[in-house]
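For reference, the structure is listed below as structure tokens.
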Amino acid sequence: MKKLALLLAALVILSVAASVSVAAADQYPNGCADCHKGDKSLAATVKGLAKHPPVAATADVNTCLKCHKAGSKLALNKQMHDSHQKAKVACDACHVTKDGKVTSALKGVK
Ligand code: HEC
Ligand code: HEC
Ligand code: HEC
């Protein structure tokens with residue numbers, strides 16, 4: 001019995017520690033901008049794409065969405081999903097989560 005109680009106590013402590021660390025650690029609170037900075041900035045990244053119109057050095061995701069509107073021919077979702085899935089980037093690096101679930105809202109969108 002004593003062993004079982006100890007085991008249960010250990011499990012409770014472990015699960016509390018796990019939920020605390022999940023809630024505390026959003027590695028990418030700003031989405032795109034947390035990975036695409038310096039010589040990997042969004043502007044530098046699109047400069048490397050064939051035939052891409054120039055964007056300001058300070059371009060952020062809001063700049064992209066001005067031309068890449070949801071539902072349009074240039075919509076960003078498919079391209080971003082394919083390339084970042086290859087790069088093993090998790091959904092919640094770009095998307096806001098609510099109640100532990102990924103929403104379609106993007107971090108950093110004004
Ligand atoms: C967790 C880090 C991370 C986040 C967040 C992230 N990216 Fe990336 N992105 C990468 C990596 C890694 C690559 C592939 C290697 C490279 O080109 O640096 C990449 C590649 C790209 C490319 C070139 C490939 C392509 O699809 O043409 C673009 C453009 C891009 N990202 C835009 C974005 C945008 C816009 C966002 C936010 C909506 C974003 N990224 C969020 C890490 C990230
Ligand atoms: C001024 C309008 C404009 C802005 C701002 C813009 N784009 Fe684009 N983007 C385009 C157009 C037009 C194309 C199609 C170019 C072509 O292939 O002919 C394109 C194509 C792309 C492609 C596909 C390229 C390929 O090789 O298939 C990606 C990825 C992309 N843009 C990402 C971005 C990101 C990320 C941003 C924000 C930093 C951004 N764009 C900002 C107009 C824009
Ligand atoms: C690199 C950043 C990035 C990652 C990683 C990412 N998304 Fe997205 N997602 C986007 C962008 C950009 C859009 C287009 C938003 C817009 O046009 O307003 C989008 C749109 C969406 C949408 C709404 C449109 C659609 O395609 O249905 C859903 C739902 C979605 N993402 C779910 C996911 C899920 C689930 C994952 C993980 C498997 C994921 N996303 C990973 C950037 C990302």
Side-chain angles (χ1 to χ4, degrees):
M1 266 325 270
K2 207 171 167 197
K3 265 193 187 155
L4 184 62
L6 277 175
L7 183 66
L8 285 173
L11 279 176
V12 167
I13 290 167
L14 276 177
S15 60
V16 167
S19 60
V20 165
S21 65
V22 163
D26 185 352
Q27 259 186 290
Y28 309 107
N30 307 302
C32 324
D34 287 323
C35 299
H36 292 282
K37 52 191 172 192
D39 62 3
K40 290 199 160 144
S41 71
L42 288 177
T45 304
V46 298
K47 211 173 174 182
L49 301 172
K51 292 190 287 177
H52 200 278
V55 296
T58 53
D60 65 8
V61 65
N62 297 289
T63 318
C64 314
L65 290 173
K66 276 189 192 135
C67 296
H68 293 274
K69 289 199 169 67
S72 74
K73 216 177 83 184
L74 288 178
L76 268 191
N77 49 353
K78 191 173 186 311
Q79 171 94 21
M80 290 298 104
H81 287 162
D82 288 353
S83 60
H84 290 81
Q85 203 156 8
K86 269 194 212 119
K88 300 206 184 331
V89 172
C91 315
D92 64 0
C94 296
H95 286 284
V96 176
T97 51
K98 197 166 177 269
D99 304 327
K101 287 202 184 107
V102 174
T103 70
S104 58
L106 287 177
K107 291 172 177 173
V109 167
K110 293 188 193 106

Under a side-chain separation threshold of 4.5 Å, the hydrophobic residues clustered together with Leu74 are none

Supply the members, apart from Val102, of the Ile/Leu/Val/Met/Phe/Trp/Tyr cluster built from side-chain contacts under 4.5 Å; use none for a lone residue.
->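 Joined to Val102, directly or through intermediates: none.
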
Which residues satisfy the side-chain contact (heavy atoms from CB on, under 4.5 Å) test with [X], sequence neighbours excluded?
| X | value |
| --- | --- |
| Ala90 | Asp92 |
| Val46 | Leu49, His52, Val55 |
| Lys66 | none |
| Thr45 | His36 |

Would you check if the side chain of His68 reaches a backbone N or O of Cys64 as a donor-acceptor pair within less than 3.5 Å?
->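 Side chain of His68 to backbone of Cys64: no pair is present.
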
Look only at the side chain of Ser41 and the backbone of Ala44, and say whether a donor-acceptor pair between them is shorter than 3.5 Å.
-> yes

In short, Ala56 meets Ala43 closest at the heavy-atom pair O-CB, 3.4 Å

Between Ser72 and Cys67, what is the shortest heavy-atom contact and its length?
-> OG-O, 4.4 Å

Are Val109 and Leu65 close enough that some pair of their side-chain heavy atoms sits under 4.5 Å apart?
->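 Sidechains of Leu65 and Val109: in contact.
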
Spatial distance of atom NE2 (His84) from atom SG (Cys32) [nearest 0.5 Å] =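 Output value for this atom pair is 7.5 Å.
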
Distance from Cys91 atom SG to Lys101 atom NZ, nearest 0.5 Å?
->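 Going from the SG atom of Cys91 to the NZ atom of Lys101 covers 14.0 Å.
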
Does the pair Lys107/Asp26 count as a salt bridge with the N-to-O cut at 4.0 Å?
-> yes

Salt bridge present between Asp82 and Lys86 (N-O < 4.0 angstrom) = no

Look at the side-chain heavy atoms of Ile, Leu, Val, Met, Phe, Trp and Tyr, link any pair under 4.5 Å apart, and say whether Tyr28 and Val96 land in one connected group.
->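 Looking at the clustering, Val96 is in a separate group from Tyr28.
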
